[in-house]
Amino acid sequence: MAQVELKGVSKRYGSVEVIRDLDLVVEDGSFTVLVGPSGCGKSTLLRMVAGLETVSDGTLEIAGQKANDLDPVARGVAMVFQNYALYPHMTVARNIGFALKIAGNDKAEVEARVRQAADVLQITHLLERKPANLSGGQRQRVAIGRAIVRNPQVFLFDEPLSNLDAELRVSMRVELARLHQQIKATMLYVTHDQTEAMTLADKIVVMRDGKIEQTGTPEQLYGDPNNSFVAGFIGSPRMNFLPAQAEGGKLRLVSGVELPCPPALAGPVSVGIRPEHMVPQDGRTHSLPVTIDMVEYLGGTRYLYGRLADEAPVAVEARERVDIRPGETIDVTFNDRDVMLFDASGTRIRSATHNS
Amino acid sequence: MVGRAPIWIIFVVGIVGCLWIIPIIGIVATSLQTTDSIARGWWHFGENEFSLQAWYTVWQTYPLAGSLWVSIKITLAATALTMVTAPAAAYVFHYLRFPMRRLWLIIIINAFVLPQQVVIIPLFQLWREVGLLDNMAAVVIPFVGLSYAWAVFLIKSFLEDFPKELIEAARIDGCGPIRTFTQVVLPNLISPIAACGILQFLWCWNTLLLPMLFLRSDISLTVLLARIAGTYDPNLDQQAVAAIVTALIPLAIFLLFQKQFAAGNRVSSGGKE
């Protein structure tokens with residue numbers, strides 16, 4: 001098991017800089033998830049750790065050893081690819097045992113270890129099949145089996161669940177979490193799906209444009225984001241950002257709603273409130289009239305999508321069984337302590353009154 | 001999904017098929033008839049006389065079996081060499097980075113535009129210098145060399161669709177370039193390699209020019225066929241015999257490997273497409 005450390009790492013393709021001076025520590029035994037929109041450099045970062053891309057600048061250390069120029073196999077990493085990358089001409093058993101065979105293990109040893117890995121993943125009955133005759137979920141297991149059979153120091157996952165259907169994705173997610181509990185290896189996982197990140201990670205790394213926006217536990221990122229990008233990226237549906245004007249210790253929102261704010265603050269700010277913190281009922285000090293466009297019914301809860309008086313889009317979670325139809329205008333209220341303030345550049349404004 | 005074909009399609013295809021088979025019937029009939037009968041026209045089956053004389057003469061006069069053996073040796077050697085080296089070249093050009101990669105590729109592929117006739121004179125001089133005239137290698141080497149233009153191109157274009165992840169997975173599993181090629185790429189290239197092999201086989205088998213120029217004592221079947229046509233006498237019946245013998249092998253190859261022509265050309269890495 002090992003820690004992965006990146007110090008001032010950059011990646012350039014010609015003059016295009018994909019990753020800029022990035023520092024990151026993936027702790028030994030942790031399940032770290034890199035998350036961000038497509039093109040943010042998260043996959044490139046993973047591929048640099050794997051050794052499939054060169055490091056343009058900076059140092060990459062695996063288990064305290066500089067690994068910039070090591071071959072993938074010398075780094076002790078195993079990778080699970082998005083489309084599984086199973087060798088189509090080999091049986092499942094040969095796919096899983098291939099790396100061991102290449103490493104020069106004898107046949108009996110390879111067979112024993114393949115069987116052991118297959119037992120962990122419950123795919124023993126598939127060992128003699130070819131990948132073409134497997135379902136998506138089974139292929140995924142084989143791909144994971146190919147990784148665990150080598151007892152790598154670090155597991156790398158490149159969006160491994162995005163080719164599965166929704167139901168299978170949820171169950172594989174649970175299995176991955178269980179697998180991590182079981183083998184306690186360092187895992188570095190890339191996804192664009194914030195739900196996967198939230199459910200799997202010990203630590204989430206939110207990336208944008210080749211830089212890390214924020215690193216922390218799921219709870220930290222959800223409850224205490226550093227900026228509006230992280231606040232908007234983590235949580236579903238995404239946080240509502242309402243434009244407001246700060247002046248003399250007061251925040252002026254649309255429809256005459258006012259909130260207290262630090263007296264020093266002035267100018268345009270953005271008020272962030274999560275849908276689950278907005279309640280469809282009036283009678284409090286600040287109730288915002290919202291015209292509902294669409295209602296999404298999810299059984300236990302429902303999401304109301306609508307507009308404020310100034311046309312800003314708002315999502316509201318309604319847990320109670322209320323009969324609201326599109327076209328209606330309802331009053332929505334929220335608690336002062338659930339409000340986050342962001343300045344014009346998106347940076348969080350933390351203050352005594354508005355910290356949760 | 002597969003419905004019954006309309007009756008008119010069967011009819012049309014039948015007629016086309018009959019038209020195509022007429023020359024074959026003609027050549028078989030010609031080989032089995034006397035010279036006078038051939039002059040009358042091979043299709044006068046009622047009046048024509050049949051004889052095995054032409055087959056007998058060819059077998060007696062010309063080294064038919066020897067030439068068949070020469071043709072088989074030359075063609076198999078050239079085909080095998082192309083089937084082994086062209087995929088390797090395609091792999092190197094597609095996946096490895098080295099100086100002047102693009103230039104080399106352009107030079108090789110552009111041999112496409114080079115007709116055989118252009119190379120024969122310099123090649124003849126070269127073979128004379130190094131003493132390779134009348135040696136099988138004098139034919140096999142240019143056969144393989146000239147095939148690279150299309151063979152490398154064909155396999156490389158197949159590699160365009162080859163999943164990149166398989167190569168990366170092989171790297172992570174600890175394969176170097178050669179192991180990646182032999183263990184991961186080659187087993188998945190069977191259908192383009194087979195297609196290459198069939199095309200190369202047919203081309204080598206049917207080529208006349210190079211063997212005619214570079215071989216003296218052991219001649220190939222095509223050269224033999226050309227020799228049978230005498231200066232004063234066309235020897236149509238004997239030519240027909242040689243043509244049948246020459247055509248039999250490619251026909252057998254085609255029948256054996258026809259599935260490879262239609263084989264699917266995709267390798268999947270296992271994702272849902």
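All values reported here derive from a predicted model rather than from experimental measurement. In what follows, every chain begins at residue 1, and chains take the letters A, B, ... in the order their sequences are listed.
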### Task
Determine whether B:L166 and A:P88 make a side-chain contact, defined as any pair of heavy atoms from C-beta on separated by less than 4.5 Å.
yes
### Query
Are more than 12 heavy atoms from other residues, nucleotides or ligands located less than 6.0 Å from atom CZ of B:F11?
no
#### Entry: CG/B:L19: more than 12 non-hydrogen atoms of other groups inside 6.0 Å
yes
### Query
Any side-chain heavy atom of A:R150 within less than 4.5 Å of one from B:D173?
yes
### Query
Is chain A contacted by the side chain of B:R171, its backbone, both, or neither, given a heavy-atom distance below 4.5 Å?
both
#### Entry: Result of checking A:D71, A:V73, A:V80, A:L52 against B:I172 for side chain to side chain contact (heavy atoms under 4.5 Å, CB included)
A:L52
### Message
Does A:Q122, at its CD atom, have more than 12 non-hydrogen atoms belonging to other residues, nucleotides or ligands within less than 6.0 Å?
### Response
no
### Interatomic spacing from CD in B:E165 to CG in A:L86 - rounded to 0.5 Å
11.0 Å
### Query
Which heavy-atom pair separates A:I102 from B:C175 by the least distance, and what is that distance?
CD1-SG, 3.8 Å
### Message
Looking at B:E160, I'd like to know if its CD atom is crowded, meaning that more than 12 non-hydrogen atoms belonging to other residues, nucleotides or ligands lie closer than 6.0 Å.
### Response
yes
### Query
Nearest 0.5 Å, what's the CZ-CD distance between A:R94 and B:Q183?
7.5 Å
### Message
Quick check against the 3.5 Å criterion: does A:Y87 have a side-chain atom that pairs as donor or acceptor with the backbone of B:N188?
### Response
no
#### Entry: Sub-4.5 Å side-chain heavy-atom contact between A:H89 and B:L186
no
### Message
A quick test of your reading: do over 12 heavy atoms of other residues, nucleotides or ligands sit less than 6.0 Å from CZ of B:F153?
### Response
no
### Message
Does atom CZ (A:R173) have a neighbourhood of more than 12 heavy atoms from anything else shown, all under 6.0 Å?
### Response
yes
### Query
More than 12 heavy atoms of other residues, nucleotides or ligands under 6.0 Å from CD1 of B:I9: is that the case?
yes
### Message
Need one label for A:A74: side chain, backbone, both or neither, based on atoms under 4.5 Å from any heavy atom in chain B.
### Response
neither
### Message
Is there a side-chain contact between B:E168 and A:R47 in this structure, where contact means two heavy atoms from C-beta onward sitting under 4.5 Å apart?
### Response
yes
### Message
Between A:F98 and B:V184, does the side chain to side chain contact (heavy atoms under 4.5 Å, CB included) criterion hold? Intermediate values first, please.
### Response
CA-CA 10 Å; A:F98 187 60; B:V184 175; 4.2 Å; yes
